[in-house]
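This is the structure, below, for whatever I ask next.
Since the structure is predicted, the reported quantities are computational estimates derived from the model, not experimental observations. Reminder, nothing fancy here: chain letters follow the sequence lines and each chain counts from 1.
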Amino acid sequence: MCDLIIFFLFLLRLPNAQTHCSIFLVIFFINSMSIPFVSRFLSSSIRPKNPGSSFTTLSVTNPVEKYWIHLDSNDPSIEKALTKVGAKLDSSCVKEVINRCNSANQSPILGLRFFIWAGIQREYRHSSYMYNIACKQFRINQNPNLIRDVIDAYNLDNCVVNVKSFKIVLNLCKEARLADEALWVLKKMIDFNCRPDTSAYNAVIRLYCETGRVDEALSLMEEMSLSNLYPDMVTFVSMVKGFCDLGRVEDASRLFKVVNQQGCSPNVVAYSVLLDGICRVGNLEKGLNLLQEMENEGGVCAPTVVTYTTMIRSFCEKDRSMEALTVLDRMEACGCAPNRVTISTLINGLCQEDQVEEAYKVIDRLAAKGSVSKSECYSSLVVTLLRVNKFEEGEKVFRRMLVSDLKPDGVACSEMLKRLCLKEKRVLVAFVLYNEIEKLGFAACIDSEIYSIMMDGLCTESHLLEASKLAKSMVQKSIQLKAPYVQNVVEYLKKAGEMELVSRIYKVNDG
DNA sequence: CTAGGGTTAG
């Protein structure tokens, strides 16, 4: 609201202030109403009432169907129609509708408009998972012009588009990593009488930073002040990270000076990013100095788990994991508890340098303190040992966990079984181990892909008894057999006469 | 309700 007033005052200073003002007041009025209200208002007063596009029958109860009817009816005011539907929105509904748009060979613009419309509804918010789904479904990466097309479509159909809609589009750009399109969208906002805010700028700036175009990001940041917007900590962190990713640590540090001069103190996130950048260019000693400064400064700068973990990781990556241990000491001395990431980073570094004994020591020491459980520590150890090709040791640890009632996590179980099946070619052993995991009640965390791999292996080696046992267990748990393994498995089971099992497998796979 | 930032593993 405050921003709006500033903008209003800004407009008053322009030569043709009166026109601007009246436009502004209209926008202001519309913006302050909720979208459903606006469209109700518009549709009852302007549009003729035709509640019956002939498709709308009373028998349609499924939300997906209800929305789909309107998308399939070629009505240019899609959004108004959608708003009138009033059916419950959730992610599975959104997913299904856009899925259907694509399979029905409808224009992707239609599906996109639905997606954007859904995202601005009060009772619903797109998760980042949904943005990912949308990008894949509409193949936005392959067709970046869709972004421009959908905005143009709004223009053509005279749609009321608000800032929130633009945010959805910007988020799509972010997911698809389309910096230029995002900037285009940002510039386009003004045509729809929408004023980009700091978060809109931040989205674009971040995209430019992530794609290595930091200098363009910098000029966008400077442009913000022309719209009476001020870069905030998020803007600043993006810029610092952008420079650091390019190894331009000096430029990143210079930003800190500017911020300090403006009387702001960069927070721990900003410093942590800088610390990471300094370490990445190989200057670990300078990194340690910065860490020291942060500790001395305290307050918003006080190092957190993430800061210390970054420092630890840097030492590990430079094959100096024994020194990483001293950072751990320091961290604990400062009262900062290591978390799971800290531990796996350390374990990883130590094992890579053949210091497995030290890894055990660290685990004993940390598990005693209790900020990370023994189960988590040993799970990390198992995964690491497999990764650094110390399989026997990993298997030993894994089995010891099972007999001492330490629950291995999903990644540890999955990696163990996968390795036994694929590289070690010990499918039967994997199957027996799986049964043990199951008996202990830990099987729920196993990746569904692993079942398929085990199934495939058992069939290939003609272990009929075990294969049918596993298949039954999969059917019972509704775990799908993944596509690449279907043929081999089904062929084998058919040959063995397990026709019923095959049909049950197909049933699971068809959903 | 009202965004957006930093660390690991598969």
Among the candidates B:dG6, B:dT2, B:dG10, find the nucleotide nearest to the side-chain atoms of A:Arg125.
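When the side chain of A:Arg125 is considered, B:dT2 is the closest of B:dG6, B:dT2, B:dG10.
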
Just to be sure I understand the geometry, which residues of residues 234-254 of chain A put a non-hydrogen atom under 4.0 Å away from DNA chain B?
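Only A:Val234, A:Val237, A:Lys241 qualify.
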
In whole angstroms, how far is the C1' atom of B:dG5 from the NZ atom of A:Lys174?
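My rounded result for the distance is 10 Å.
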
In whole angstroms, how far is the P atom of B:dG10 from the NZ atom of A:Lys482?
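It is 18 Å, rounded to the nearest whole Å.
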
Please list, in numerical order, the residues of residues 354-387 of chain A that have a heavy atom closer than 4.0 Å to any atom of DNA chain B.
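Under 4.0 Å from DNA chain B: A:Arg387.
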
Given the structure, check if the side chain of A:Asp447 and the base of B:dG10 hold any donor-acceptor pair shorter than 3.5 Å.
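It does not, because no donor-acceptor pair links the side chain of A:Asp447 to the base of B:dG10 below 3.5 Å.
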
Between atom CE in A:Met416 and atom C1' in B:dA9, what is the gap in whole Å?
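Roughly 16 Å, once rounded to whole Å.
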
Apply side chain to side chain contact (heavy atoms under 4.5 Å, CB included) to the pair A:Tyr230 and A:Met224, showing each step before the final yes or no.
CA-CA 6 Å; A:Tyr230 295 97; A:Met224 288 175 79; over 6 Å; no

Applying salt bridge (Lys or Arg N to Asp or Glu O under 4.0 Å), name anything that partners A:Asp180, two or more places apart in sequence or on another chain.
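Only A:Arg213 meet the salt bridge (Lys or Arg N to Asp or Glu O under 4.0 Å) criterion with A:Asp180.
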
Looking at residues at least two apart in the chain, or sitting in another chain, which of them share a salt bridge (Lys or Arg N to Asp or Glu O under 4.0 Å) with A:Lys396?
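Once residues adjacent in sequence are excluded, the partners of A:Lys396 under the salt bridge (Lys or Arg N to Asp or Glu O under 4.0 Å) criterion are A:Glu393.
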
By nearest atom, which of the nucleotides B:dG6, B:dG5, B:dG10 is closest to the A:Val273 side chain?
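Closest of the options to the side chain of A:Val273: B:dG6.
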
By ring pair (Phe, Tyr, Trp, His ring centres under 6.0 Å) - contacts of A:Tyr131 (at least two apart)
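Scan of A:Tyr131 (ring pair (Phe, Tyr, Trp, His ring centres under 6.0 Å), adjacent residues dropped) gives A:Phe115, A:His126.
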
Please name all residues satisfying side-chain contact (heavy atoms from CB on, under 4.5 Å) with A:Val305, sequence neighbours left out, ordered by chain then number.
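Only A:Thr309, A:Met331, A:Cys336, A:Asn339, A:Thr342 meet the side-chain contact (heavy atoms from CB on, under 4.5 Å) criterion with A:Val305.
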
Side chain of A:Val268 (C-beta onward), nearest among B:dG6, B:dT7, B:dG10:
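Of the candidates, B:dG6 comes closest.
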
Tell me, please, which residues at least two apart from A:Glu297 pass salt bridge (Lys or Arg N to Asp or Glu O under 4.0 Å).
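A:Glu297 satisfies salt bridge (Lys or Arg N to Asp or Glu O under 4.0 Å) with no other residue.
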
Whole Å only: how far is the CD atom of A:Gln352 from the C1' atom of B:dT8?
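Roughly 12 Å, once rounded to whole Å.
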
For DNA chain B, which residues of residues 292-309 of chain A approach it to below 4.0 angstrom with any heavy atom?
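Within this stretch, A:Thr304, A:Val306, A:Thr307, A:Thr309 sit under 4.0 Å of the strand.
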
Evaluate side chain to side chain contact (heavy atoms under 4.5 Å, CB included) for A:Arg313 paired with A:Asp276, printing each intermediate quantity in order.
CA-CA 9 Å; A:Arg313 200 203 63 229; A:Asp276 185 43; 2.7 Å; yes

Classify the side chain of A:Thr345 and the base of B:dT8 as holding, or not holding, a donor-acceptor pair under 3.5 Å.
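No such pair is found, so the answer is no.
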
With sequence neighbours left out, what residues match A:Tyr271 under ring pair (Phe, Tyr, Trp, His ring centres under 6.0 Å)?
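Counting only residues at least two positions away or on another chain, A:Tyr271 forms a ring pair (Phe, Tyr, Trp, His ring centres under 6.0 Å) with A:Phe256.
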
Side chain of A:Arg206 - closest among B:dT7, B:dG10, B:dG5:
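The listed nucleotide nearest to A:Arg206's side chain is B:dG5.
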
What's the CZ-C1' distance between A:Arg280 and B:dT7, to the nearest Å?
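Rounding to the nearest Å, CZ of A:Arg280 and C1' of B:dT7 are 12 Å apart.
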
Restricting to ring pair (Phe, Tyr, Trp, His ring centres under 6.0 Å), what partner residues turn up for A:Phe138, sequence neighbours left out?
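Scan of A:Phe138 (ring pair (Phe, Tyr, Trp, His ring centres under 6.0 Å), adjacent residues dropped) gives none.
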
Nucleotide B:dC1, atom P - distance to CZ of A:Arg122 in whole Å
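Rounding to the nearest Å, CZ of A:Arg122 and P of B:dC1 are 13 Å apart.
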
Quick one: which residue pairs count as a salt bridge (Lys or Arg N to Asp or Glu O under 4.0 Å) with a foot in residues 253-275 of chain A, not counting sequence neighbours?
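Passing the test, one end in residues 253-275 of chain A: A:Asp251-A:Arg254.
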
Salt bridge (Lys or Arg N to Asp or Glu O under 4.0 Å) partners of A:Glu449, counting only residues at least two apart
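Salt bridge (Lys or Arg N to Asp or Glu O under 4.0 Å) list for A:Glu449, sorted by chain: empty.
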
Is a donor from one side chain sitting under 3.5 angstrom from an acceptor on the other, for A:Ser165 and A:Trp117?
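Looking only at side-chain atoms, A:Trp117 and A:Ser165 do not form any donor-acceptor pair under 3.5 Å.
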
Would you mind classifying the nucleic acid contact of A:Asn348 as base, sugar-phosphate or nothing, using non-hydrogen atoms under 4.0 angstrom?
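The residue A:Asn348 makes no contact with any strand.
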
From NZ of A:Lys423 over to P of B:dG10, roughly how many Å is that when rounded to an integer?
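That distance rounds to 13 Å.
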
Quickly work out the A:Glu415 CD to B:dT8 C1' distance and round it to whole Å.
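Between C1' of B:dT8 and CD of A:Glu415: 14 Å.
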
